[in-house]
A.B. asks: 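Before I ask anything, let me first share the structure, which is written out below as structure tokens.
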Amino acid sequence: MVSDTLVAVMLSAYLSAAGDHASLYQGSIEPQFLQSAWVTHPYWSDAEFHTGSICYNGILYPSVQLRYNIYENWLAVVPPDSRINVMVDPDKVAYFAINGYRYEPMNGRYVRIASDGNYAQLLHQRIKERLGDEIIDMHAYHSLQTSDSYYLRLADGSCHAVSNLKSLCKAIPQYKQELQDFARKNKLRFKGSRREQSLVQCARFLEQLGMSGQLGKKNEDSEINNVNAINRQPKINDSSLSAAVPGEVFADIAPVDRIAAYYVYTPESRVELEYADDDMAINTPGVDELETLRETRSLSEVEIVGFRQKVAQMQTGVEAFRPSMLRNVPLAMGEADVLKVAMLLPGVSASGEASSGLNVRGGASDQNLMLYNGNTIFNPMHMFGIFSAFNPDMVAESELYKGGIPSQYGGRLSSVMNIKGRTADKQEFHGSASVGLITAKAMLDVPLVKNRISLLLGGRATYSDWMLKKLSKDSGYRDGQAGFWDASATLNAMISRNHSLNVNGYYSQDRFSFTQYDKYRYANMNFSTELRSRFGDRLSTNVSAGFDHYDYANDETEQHYSAARLSFDLNQYFLKAAATYELTDAHSLNFGLQGNYYHIMPGKYEPLGSESYIVTRQLADDNALESALWAEDTWKMSDRLKLTGGVRLNLFTSLDPDLRLSASYQFNDNQSVKAGFNTLHQYIHKVSNTVIMSPTDTWVLSNDKIKPQSGWQASAGYYWQSDDMTYEFSAETYCKGMDHYLTYRSGAQLMMNEQLSKDVVGTQGRAYGLELQIRKLYGKFNGWLSYTYARTQLRQQGNADTQSLINRGKWFSGDYDCPHEVKLVSNYKFTRRYSTSLNANYSSGRPFTAPVAQFYNEETNTVIPVYSERNACRMPYYLRLDWSFNIEPSHHLTNLTHSWFTIGVYNLLGRRNAYSIYYLSNGSNIQGYRLSIFGAPIPYINYNIKF
Amino acid sequence: MRFLGYKVFESSVFDAMKTMGQKSLLLTAMLGAATLTSCIDEYNELPEGVESTHILVVNGQIEANSYCIFTLNHTVGFDEPGYLTHNFVPDARIAIVGSNGDRFEGIEYNAERSQYCVHTGNLAPDVQYSLHIEAPGYGTFASTPMTPLDAPAIAELSYEKPRPDDVVDFLITTEDPGGPTYLLWEYYEYWEIYTPFIAYWEYRFTKEPDPNDKKNYEGSYIPVPAASYTNHGWCQRLNNASIIADNKDYGNGAFQKLCLYQRHKDNVRFQTRYYTRVRQIAITMQEYEYRHMMQTQSTEMGGLFTPMPSELPSNIRCLDGDARAIGYVGVRGQVAQADIYVNRRDVECTFYEASKMLPDSLVNNLGPAELLARGYVVQDFDSYSGTAYWTDRWGVDCTDFHWGASLAKPSFWKDKDQED
């Protein structure tokens, strides 16, 4: 298992460090292809670049933009940063892979491995030849003729041209009968579009014969008798892998969980591999060849042939996505946003558009652990929730654990959102900037010591005050202000080959005011250091320590005699040490300890100005230590069956053990089933009786009166991926229970309440659901469609008489209970530069408490609504369509800068989706109102520049 | 104390709630500024699946040595016909019962409005009192027994115009209550009004207009006796049970210059002379929450950060079933009171509402009978030229709806020169 990680870490580290300076990108510039001069294109399938991988000069480059010009017979790539098409040296190409297919050089050209195997491979060669020119409208257009040929390559290295059953039988005459029977049984046809499919089936049939040994037995006299498998000679220099890495290999965390299937070649070469990441325990189902690397750590070539993300992952309910997903997804105000994209995933919802509080599988927004570079972000929203606190340019990748939460995470009941920041380029200075409707952001990659130390700086600010200035003078709010800024920095230092250090800092501040007399401000501040180390071949550690801070201060100065400030602050000091130790080939142990020391100032109310008569009042500080020990073993019982069992011992006011169990069974490369069971505890709670996160929310620690929230979740899923890995389907179901879920009694006073526990009502919760998702991972058209059925219900606990309980002690729908959700994310690339995205989001209406009657109050001379039982009614359904069009940068080499645009429309239908429905008395009657946050189509444009 | 502009513990909570509602609109407006759209629209669909029942609603408080008025209403569904103000609960029996056996029986003194009156005597400070209700068709109810609560004395009632926005703050300072206290304030406002003109003449018919021939009438302009002038009067308004606060922000001590309410300096109230009388009543925390929530849920819902609505708390329980009743019946002990006068020049009031004379052409064309029929009145008459000056009724009559004044001078009213 460690080897899996090592491989991935190494690859990622190298690529991160090398950037555009990798030898792959040192070739000459690809001549421009003038589409207008051709009737047909000269490329394999289309004129677009495709994301794939390439093994070049012994180095495997994943996620490379590739395009094979068959007519000219050159392979072009796009460097990740400069985005200029470069032709690679064909002599150094071992192979490349696009859309799940591998292409290998053969006779000076590249052939596609239509069917791979150890005993029989089907190769596909495509040739395009000049047919002449066509005259269309007095213009000459070049025309090409395409011809396809297929070859069967056997284990002895012999190659046979095949086109139908006859030629197949001719290639392996001793299996003529079997092949004919097979073709007849499967009704194979070898003409037209079915030719390749039939040849592939035959090749696989032959491969099966080879795997079962029949091929050798029957063919004792044949030339392939003594060959056990196709001889895959190492194609690279033994030492090239480590030598090619500029600097250390410690640069980044590899997306280990994405790499699902390897073909590893194991010659004599020996390479020093480094790794340092506690995530290495994440299961990576490899193929048998990988096992041989476990001890030797010797390899010369790794090929990533595709991603089997969900099929191969160990846990249920894990979602991972990269920033590349963010850029094209149309979002409000055109701002790419990690949290908003998360909301497009099944099982994740939000209370409304202006809400960054996630509700994962029926949980409250405070039941999600939001980690950014290991730091906890307590208020991850800007500007009423329109933007999240995370600058998308600074994000490397994000993981959302909504089901199988690893043992190393705890303290929250619903989910863990682990956002990992980028590290800077250690070679060259880079920068980027972006201007949107109301925000601008910039980022700098600063190499301080070449190949060793780098600094990443990023910042974002808003200039939204202009919107308030647009209001009429009569509104009284022209003096209002609203804005935010955030900044983050990451220093990455390679101390040695075995140790790397990351120092992260983050600060964000929001401010808004409605009049000159009120000011609201809140801030997040985070700092952490992280040391990743490796000791020997089996042990790696990750030690981090840091400080998380959240505070707010609201000033009210309308009355100078009672001018006051209300403030709150929360400090969390943490230390976390995690280790992964590979006990045996079958067992990998992840263990560690964590301590969080909380220091909360629950509230302070103090006078502002010398004339204020307000008496300073401060609630008693709340201090507590939350500590945890965990150990988790991943047991690979067989190639198919894997089990993970973990225990997390939480110590707060008492010792609360958490169980983490999961199992996965992989039927084959395409299908798997998984199941998991978790128990969780939460000791810090957000105190809020609003649906969304509010800038005046406070946090409170569990004590003898406010009991820790506890919960369990059982989940199971089925996962399928197509052979070419283009399509992925998953079905997950879950059931969870919660105890001491915080709700508040009617009329509860949450601010500056010395006896808050009296206003807190412990409720019992239950949630269950089914999540279906189909995803197209590659191609011009990609995206996903998901459907979720989910229910969340609560019931007040307590021994009081039922009359005083919420809804008389009956189960009632939680605020986030939306039974049906359908989400569509679709992207289409017209060309490499132009693409479009269309998203759709449908969900059942949220529950709400509506008035069912009214009465006239003589005292106040108003009509008062009488509300139903809590959440007894439902809002209208929610439907939103978003669209965007993206123009990627040009490829001019001489340009110092590269820029790109995104234009789009949020809420294309202009539907007035209800954020809330509320009822006001207009003196003689009760009138209902529907508040829509974005009640019309919102066009936007974003301009980005990179240098 | 406030948050999001929303006074939580202070007195002007109701005003602030309205402000909060506006702030929800503001956010919408902020976003709307970019989208050029309004995002709040009326929603008239009734919630489905919830049936409403008639719930007893009780209004009124127990107060020592007074005629306590209790009104019994019931709730109605949104789709029920009829007037909201006419959902009475007649034929009920009510009484105030003390834990020492005292019982003050009530009478139905206004059957048309289902108002019941209980005349109380002295309420012993150590005796718990509750309201008992027998309402036919609803059940028997009783409020939570409680002892009378005494309010601290008012140390000072003052006003200031400290801010550049020309708002006058009315501030209250109390004596130290000696501990945590929840207070309720009611205030009565009186103000003196002068119309722009004095009517010195009137038109009196000697022959009433013929309904079939409106021009067939006779009459003349005659002077009005000085005692009949209607240009000077007094308006009044009771602002009942609208301000609540606790003294946590003052260290559980005396309230210091707490702003009860505000008036703009150019308000009609300051046209001449303004008077306010404030009653200060101690309430329990439960009553505070009840009033707070009732106001919140009727005026301030819908904000992004607004707490979700919930059932109103009540201290009235059904004794013979599980029927629900809405209301909070408190027991008042000693009520503190203070008053203050404000003169026009004290707040630099510039209020002036001018009425215009009707043009001669209109007067001549219409004639006195038609002018009177249209509500105009004679302001002056030039007996030499025979020219009559007509104007709007409110221009000379402060009892007109425009002003809503009474000609009767309040018994307690002190003129400027009578002040100490």
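Every chain is numbered from 1 and lettered A, B, ... according to where its sequence line falls, protein lines coming before strand lines. Reckoned from all heavy atoms, side chains included, excluding hydrogens, waters and symmetry mates.
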A.B. asks: Do the side chains of A:E558 and B:Q262 get nearer than 4.5 Å, heavy atoms only?
C.D. replies: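 Contact flag for B:Q262/A:E558 side chains = yes.
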
A.B. asks: When rounded to the nearest 0.5 angstrom, what distance separates CZ in B:F255 from OG in A:S562?
C.D. replies: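 One gets 11.5 Å once the value is rounded to the nearest 0.5 Å.
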
A.B. asks: Of the non-hydrogen atoms in A:Y856 and B:N73, which two are nearest, and what is the gap between them?
C.D. replies: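 For A:Y856 versus B:N73, the nearest heavy atoms are O-ND2, 3.5 Å.
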
A.B. asks: Applying side chain to side chain contact (heavy atoms under 4.5 Å, CB included) to B:D249 and A:V615, what does each step give before you reach the verdict?
C.D. replies: CA-CA 6 Å; B:D249 296 341; A:V615 175; over 6 Å; no

A.B. asks: Calculate, to the nearest 0.5 Å, the distance between atoms OH and CE belonging to B:Y43 and A:M875 respectively.
C.D. replies: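 Separation between the atoms: 9.0 Å.
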
A.B. asks: Is there a side-chain contact between B:K248 and A:M752 (heavy atoms, below 4.5 Å)?
C.D. replies: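 The answer is no, as the side chains (C-beta and beyond) never meet within the 4.5 Å cut-off.
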
A.B. asks: Contact part of A:D555 toward chain B, heavy-atom cut-off under 4.5 Å: side chain, backbone, both or neither?
C.D. replies: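 It is neither, since no heavy atom gets under 4.5 Å.
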
A.B. asks: Rounded at 0.5 Å granularity, tell me how far CG in B:L171 sits from CD in A:Q559.
C.D. replies: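 The CG atom of B:L171 sits 7.0 Å away from the CD atom of A:Q559.
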
A.B. asks: Please report the closest heavy-atom contact between B:E42 and A:Y929, naming both atoms and the distance.
C.D. replies: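 Closest heavy-atom pair between B:E42 and A:Y929: CG-CE2, 4.1 Å.
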
A.B. asks: A:V866 versus B:L312: any side-chain heavy-atom pair under 4.5 Å?
C.D. replies: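 A:V866 vs B:L312: side chains apart.
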
A.B. asks: Please identify, among B:V57, B:L238, B:I55, the residue contributing the most non-hydrogen atom pairs under 4.5 Å to chain A.
C.D. replies: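 Sorted descending by pairs with chain A, the first entry is B:V57.
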
A.B. asks: Is the closest side-chain heavy-atom distance between A:F855 and B:N87 below 4.5 Å?
C.D. replies: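 Contact flag for A:F855/B:N87 side chains = no.
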
A.B. asks: In terms of heavy-atom pairs under 4.5 Å with chain B, which of A:T849, A:T616, A:N857 leads?
C.D. replies: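 Result: the option with the highest number of such pairs is A:N857.
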
A.B. asks: Indicate yes or no: at least one non-hydrogen side-chain atom of A:Q854 is less than 4.5 angstrom from one of B:T75.
C.D. replies: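 No. Closest side-chain heavy atoms not under 4.5 Å.
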
A.B. asks: For chain B, find which of A:E754, A:R930, A:E611 contributes the most heavy-atom pairs closer than 4.5 angstrom.
C.D. replies: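 Among A:E754, A:R930, A:E611, the one with the most close pairs to chain B is A:R930.
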
A.B. asks: Can you establish whether the number of heavy atoms outside A:K519 located under 6.0 Å from its atom NZ is more than 12?
C.D. replies: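 Counting other residues, nucleotides and ligands, NZ of A:K519 stays at 12 neighbours or fewer.
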
A.B. asks: Do A:Y561 and B:E160 have side chains that approach each other closer than 4.5 Å (heavy atoms only, starting at C-beta)?
C.D. replies: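 The answer is yes; the side chains approach within 4.5 Å.
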
A.B. asks: Can you tell me how far CD of B:E289 sits from CG of A:D759, rounded to the nearest 0.5 angstrom?
C.D. replies: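 Between atom CG of A:D759 and atom CD of B:E289 there are 6.5 Å.
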
